[in-house]
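Take a look at the structure set out below.
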Amino acid sequence: MAKKTLGFIIKSLPYRDEVSRLAITHAISSQSVDIYLDDGDSVEPILCFIDDGVLNCIKGQEAIKHYGNTSIEMHIENALLVDLKVYICKEDLERFGLTEKDVVLDAEKFGADTKAEIVPYSFIHQKLEEVDHLQFF
Amino acid sequence: MAKLTIGTFSSLIGSLSLDFAVKLSDAALKKGHSVDLWLSGNATTLAKKDQKAFRDYSALQKPVEEMLSTGRFKMTSCEACSEARGIHKKDMIEGVNRQSMDWYLASCFSADRVLLIGGD
């Protein structure tokens with residue numbers, strides 16, 4: 001019986017390519033990974049948005065209106081809905097003049113209890129040290 | 001011997017990230033390790049069969065087939081990413097698997113090392 005933590009570090013811009021979206025969907029797929037694992041084994045992903053990646057978290061994305069696709073905001077809400085840990089770098093938000101009012105922190109409208117957290121980079125760095133495998137997107 | 005899981009996102013043509021991932025896989029196999037290569041996003045183009053080798057473009061079908069023949073190399077393509085690009089099972093190199101993203105996470109679970117190459 002083992003648990004492995006996977007760090008998904010998202011530093012790429014939203015909508016320039018599909019990398020940040022794929023990072024989130026891969027993390028969410030942890031919900032069904034059990035079918036490949038032995039009983040009791042599990043995978044716990046954490047999502048960290050740093051650098052330009054914090055722009056993925058901006059509220060009010062209109063991807064459906066402009067591209068006809070689901071928004072990254074919706075994917076982050078889905079991640080919160082399945083109780084993934086989501087961390088957003090405080091310093092990088094400030095670099096863009098963004099505050100907690102500007103970013104997705106919850107998915108209460110879907111009944112999610114889990115909330116994203118705005119944390120100092122030192123906190124994220126500590127998480128990077130703790131995970132079993134680390135991937136930068 | 002160790003197991004290496006490599007995730008890739010870049011396309012076959014237009015980036016050399018896949019070339020690097022394939023070369024790294026080959027080097028790991030030659031050292032006796034096993035490799036899971038996960039193709040997601042544009043990297044699913046690597047799974048397409050009938051790649052024609054031009055000198056100006058990457059053509060990785062042959063080295064992939066050679067690695068598959070070792071029995072210690074698995075190449076698995078994201079099913080949704082493939083279908084979205086019109087790459088169906090019949091279009092793929094023989095021996096390449098198609099799975100959903102959770103397969104990749106399970107591969108990460110059992111890997112000694114995980115590398116994401118070409119996240120662009």
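Proteins get letters first, then strands, A, B, ... in listed order; numbering begins at 1 in each.
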Could you check which of His26(A), Arg21(A), Gln135(A) has the highest count of heavy-atom pairs closer than 4.5 Å to chain B? His26(A)
Does atom [atom1] of [X] have more than 12 heavy-atom neighbours from other groups under 6.0 Å away?
X         : atom1 : value
Lys23(B)  : NZ    : no
His125(A) : NE2   : no
Glu94(A)  : CD    : yes

Please say yes or no: joined through hydrophobic side-chain contacts below 4.5 Å, possibly via intermediate residues, are [X] and [Y] part of one cluster?
X        : Y         : result
Ile76(A) : Ile64(A)  : no
Leu47(A) : Tyr15(A)  : yes
Val64(B) : Leu115(B) : yes
Phe8(A)  : Leu13(A)  : yes
Leu60(B) : Leu16(B)  : no

Need one label for Cys78(B): side chain, backbone, both or neither, based on atoms under 4.5 Å from any heavy atom in chain A. neither
Part of Phe109(B) within contact of chain A (heavy atom distance under 4.5 Å): both
How many angstroms lie between [atom1] in [X] and [atom2] in [Y], if you round to the nearest 0.5 Å?
X         : Y         : atom1 : atom2 : answer
Tyr104(B) : Leu6(A)   : OH    : CG    : 8.0 Å
Ser11(B)  : Asp17(A)  : OG    : CG    : 11.0 Å
Met101(B) : Ile28(A)  : CE    : CD1   : 9.5 Å
Cys81(B)  : Leu22(A)  : SG    : CG    : 5.5 Å
Tyr36(A)  : Ser100(B) : OH    : OG    : 4.0 Å

Please look at Ala27(A) and chain B and tell me whether the side chain, the backbone, both or neither of the residue comes under 4.5 angstrom of a heavy atom of that chain. backbone
Measure distances from Thr5(A) to the heavy atoms of chain B and classify the residue's part below 4.5 Å as side chain, backbone, both or neither. neither
Can you tell me if His133(A) uses its side chain to pair, donor with acceptor, with the backbone of Cys108(B) under 3.5 Å? yes
What option among Leu105(B), Asp102(B), Val114(B) has the most heavy-atom pairs under 4.5 Å with chain A? Asp102(B)
